Visitor: 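The following block contains the structure, expressed as structure tokens.
Here is the naming used below: chain letters follow the sequence lines, and residue numbers restart at 1 for every chain. Small disclaimer: the values here were computed from a predicted structure and weren't measured.
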Amino acid sequence: MRPDQDPVIEVEDLAVHYRLQGGALARLLGLETRTVKALDGVSLQLGRGEVLGVVGESGSGKSTLGRAMLGLAPATAGSIRYRGHDDAEAQLVSAMSPRALRGLRTDVQMVFQDPGAALNPSMTIERAVGDPLVVHGLASGAELRRRVHEALERVGLSPVERFASKLPADLSGGQKQRAVIARAIIMGPQVLVADEPISMLDMSVRAKILQLMLDLKSDLGLTYLYITHDLASAKYFCDRIAIMYLGRVVEIGPTAEIFAAPRHPYTQALLAAVPDPDPTRMLPRDLPRGEVPDAAEPPSGCAFHPRCPAAFAPCGWEARDLRDQLERYWAGSGLADYESDARVVGDLGAVGTHRDGGLRISTRDPDAAAALLDRARAADVTDPFWRGVTGWRTESDGVRIDLAPGQEPRLRVAPGGEGRVEVACHLHDPSVSHADTPGP
Amino acid sequence: MARRVRTPRVFQTIWNTQGLARYLFLTGVLITGVFVVFALLAPWIAPYDFAQRSVDGVRFPKLAGASGEHLLGTNDQFYDIFSRVIWGARTALLVVGLSILLSAVVGVPLGIVSGYTGGWFDRITVFLMDALYSFPSLLLAIVFSFLLRNAIGGGILAAALSLTAIYIPQYFRVVRNTTVAAREATYVEAARAIGAPPVTVMRKYVFGNVVQSVPVIGTLNAADALGTLAALGFLGLGIQPTEASEWGYDLSRALDDVSAGVFAPAFWPGLAIIALITGLTLVGEGLNETLNPALRRRRLRPVVLTPREEA
Ligand SMILES: Nc1ncnc2c1ncn2[C@@H]1O[C@H](COP(=O)(O)OP(=O)(O)OP(=O)(O)O)[C@@H](O)[C@H]1O
Ligand code: SF4
Ligand SMILES: [Mg+2]
């Protein structure tokens, strides 16, 4: 985004939490239900006329961000502001009534991932594409027909007569996506949220749809939020890129800058990833312990820390990490070791949080537990986890493990990058001490 | 457009059904067809009106045997049995059709609104409908016909309305559940994304995609509705003999005659009930079998490999 412009959309500290439905009994009794933090404190700005890419693994909250911009996902906290024109009053999307939100959608539109599912199977293309105008009472009769034909022609569904009366089932994937795009542009919107618009299309039509979207952008002066799994298309298509992880933006900046000098360890892993043969999945390949954590219980501190190869003292270590550490140790050691250790710590339930801070292993044999920690650490001394452990000592009924205080990294302007790159990582925060804290 | 394409395909599917199922279905169509003809052409087929007891001032005999004037004889109320059976087809199909139509007209929109809006309204309606559904249907029909008899009398409409109450929950359940699934579909989210208000979303985007299961429920209910109608008539709670001819009522009147050794007044209405119920059941099951993919058993044809031609 150029600094001399007002953003079209400004997202500030946006949170979208979904309450997971517990069982019927839990709901009846009003018990606490789990919440998924689909978005948790996202701030970004969408500049007029730019293409902002949103990249991240499945479940990172990309679609939720896009849907929130249309008011389709309700904001739990934070705000979204929309400004139709540079001199227009900003509207607070996150606080709009349903009626006002419906009005907003003449300006902000959406293109969906699966064109086969995004069109009503029992509506002809002509009716589907014209329905936005009908719904908003913007056109009818011959005028409606004219504008629908114009839109269909604009997206390359011509001769229009061949497509207008067809049902979605009679069209190919690429043609359906063109119809979806026609429906999205027919009201002359300012902003288009494109949620993985090409990921379900055949390789052969992907480039054509991207080209169509670029043409539309320059012809109609559109602004895009382009959500994707696919870094290659993001590199081709986007002016700026936001990298998301577990509901947070971890790095955002100009495309060239992100690709040339990725700062966040997660971004580095994504860029190093071998292209996956299945384009709907994107897996960073060289990350240790590759699972994406449960979004309902994100890791503390930096949500990426359990997978981060560069994690260090302040990254937010917790009991789960010690359990994982012990499991990995046992996986690598012999069965005999495991059996004698299991007698000491029982199952991993013995590993918990100490009431005075830090972690604790409850056991009747504290010395054996301490010895286990010694062995586990010696077996894998380079593991980032040990950088967070400042020491341990035995107590009457267990071992207390001291941890460096963890904190959540905030998105802040990264050093270098001419102030245009923001990154959320302690490595790039000058106020955090980078000295590795040695263990006992 | 959609209709024009789909209807022939439906019949083709049925036609292509193999083996016994096909013959059962065709038998059902034949039987039902006969009664439909009776119903449509009743004034021309039946020699007398359904409530007629005399011709040219001459009263019909009571419990007469079959004769030239009375093909199947007369019953204890001096009615011509043959005419009553023919006119009864009209009553039966009218009541059944009307009740199915009315319960769909109430149940389908209610199911869509309930499933789409969710929340408290949904929970309360689901609870009420489940309660209604778990009630024995005949009991429910009896209660409603009692209530309606005071309000609108004992005619065809009253009978249809009492049956309607029984079948509403079935449409409601099916439509509500498909709506709950459709609500999550991308095209419904897309409809909201273009700014369509909830009523428009339900009308234009949900309705067309959830009503497809409705015709099948209708055909399955038809036989059941006919049985309930006859039962109501048998209990004297259905249609009054002067309002329309109804087989169940005639059957109940004729029971005493059976013990007296006169069978015709009971036999013919009874046969009509059994035949039409059988016909409707066969049609319903046949349609269900072919149209409802969830219930359809896959009939796999063996793959025939044509021998490769020698070069
Ligand atoms: N309506 C909902 N109810 C409950 N949880 C939801 C809902 N929508 C999304 N979530 C959860 O929020 C998180 C983020 O989902 P979202 O769809 O935004 O991810 P995404 O990045 O778009 O993933 P993908 O690449 O698979 O599309 C996920 O954990 C998802 O399960
Ligand atoms: S803050 Fe940076 S270094 Fe620490 S875990 Fe997160 S990404 Fe890794
Ligand atoms: Mg998504």
Side-chain angles (χ1 to χ4, degrees), chain A residues 24 27-28 63 66-67 69-73 98-124 126-138 164-170 176 179-180 183-184 186-187 189 192-193 195 200, chain B residues 1-10 108 112-113 115-127 130 175-215 291 293:
Chain A
R27 262 182 293 149
L28 268 181
S63 298
R67 296 174 64 240
M69 288 193 176
L70 278 82
L72 288 169
R99 175 183 292 267
L101 274 178
R102 292 201 290 273
L104 170 79
R105 300 196 186 131
T106 55
D107 273 17
V108 185
Q109 267 299 306
M110 186 146 177
V111 175
F112 297 86
Q113 175 174 18
D114 182 358
L119 293 165
N120 184 348
S122 52
M123 228 184 220
T124 62
E126 176 157 26
R127 279 190 62 209
V129 170
D131 209 39
L133 297 176
V134 175
V135 159
H136 291 275
L138 295 175
S165 60
K166 290 251 168 75
L167 287 173
D170 302 326
K176 275 183 270 201
V180 171
R183 176 176 64 185
I186 198 165
M187 292 187 290
L192 216 56
V193 172
D195 190 351
M200 295 191 63
Chain B
M1 179 82 194
R3 295 274 173 282
R4 231 182 300 146
V5 179
R6 241 193 3 249
T7 317
R9 202 185 297 159
V10 163
V108 170
I112 292 180
V113 172
Y116 185 77
T117 48
W120 280 109
F121 178 72
D122 183 44
R123 269 181 239 172
I124 290 170
T125 0
V126 167
F127 177 79
D130 279 353
V175 168
R176 181 214 166 249
N177 291 344
T178 34
T179 303
V180 168
R183 189 177 58 183
E184 306 300 325
T186 310
Y187 63 80
V188 171
E189 163 135 282
R192 277 187 277 137
I194 62 171
V199 174
T200 309
V201 178
M202 288 187 252
R203 188 166 49 83
K204 280 199 206 165
Y205 289 84
V206 177
F207 178 79
N209 296 296
V210 300
V211 289
Q212 282 155 14
S213 42
V214 166
L291 299 187

Visitor: For the residue pair Leu119(A) and Ala128(A), what are the closest heavy atoms and their distance?
Guide: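 Heavy-atom minimum between the residues: CD2-CB, 4.2 Å.
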
Visitor: Below 4.5 Å from any heavy atom of chain B, which atoms of Leu70(A) appear? Answer side chain, backbone, both or neither.
Guide: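 The side chain, not the backbone.
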
Visitor: List the steps and the verdict of side chain to side chain contact (heavy atoms under 4.5 Å, CB included) for Thr124(A) and Leu167(A).
Guide: CA-CA 5 Å; Thr124(A) 62; Leu167(A) 287 173; 4.2 Å; yes

Visitor: Please identify each residue that fulfils side chain to side chain donor-acceptor pair (under 3.5 Å) with Glu189(B), with sequence neighbours left out.
Guide: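 Expected list: Arg67(A).
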
Visitor: If the condition is side chain to side chain donor-acceptor pair (under 3.5 Å), which residues does Thr106(A) pass it with, not counting sequence neighbours?
Guide: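 For Thr106(A) there are no side chain to side chain donor-acceptor pair (under 3.5 Å) partners, ignoring immediate neighbours.
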
Visitor: Which pairs of donor and acceptor atoms, one on a side chain in residues 190-207 of chain B, lie under 3.5 Å apart (sequence neighbours left out)?
Guide:
{"residue": "Lys204(B)", "atom": "NZ", "partner": "Asp131(A)", "partner atom": "OD1", "Å": "2.4"}
{"residue": "Tyr205(B)", "atom": "OH", "partner": "Asp131(A)", "partner atom": "OD2", "Å": "2.6"}

Visitor: Is Val134(A) in contact with chain B via its backbone, its side chain, both, or neither, using a 4.5 Å heavy-atom distance?
Guide: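 Only the side chain of Val134(A) comes within 4.5 Å of chain B.
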
Visitor: About how many Å separate CG of Asp114(A) and NZ of Lys176(A), when rounded to the nearest 0.5 Å?
Guide: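 Here the rounded value is 8.0 Å.
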
Visitor: For the atom pair CG (Leu104(A)) and CE (Met69(A)), what is the distance rounded to the nearest 0.5 Å?
Guide: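 If I round to the nearest 0.5 Å, the distance is 11.5 Å.
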
Visitor: CZ of Arg183(A) to CG of Leu133(A): how many Å apart, nearest 0.5 Å?
Guide: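 It comes to 12.0 Å.
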
Visitor: Contact part of Arg99(A) toward chain B, heavy-atom cut-off under 4.5 Å: side chain, backbone, both or neither?
Guide: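 It is neither, since no heavy atom gets under 4.5 Å.
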
Visitor: When only heavy atoms count and the cut-off is under 4.5 Å, which of residues 176-188 of chain B reach chain A?
Guide: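 Within residues 176-188 of chain B, near chain A: Thr186(B), Tyr187(B).
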
Visitor: Considering only heavy atoms and a distance below 4.5 Å, find which of Met187(A), His136(A), Arg127(A) pairs most often with chain B.
Guide: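 With the most close heavy-atom pairs to chain B, the winner is His136(A).
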
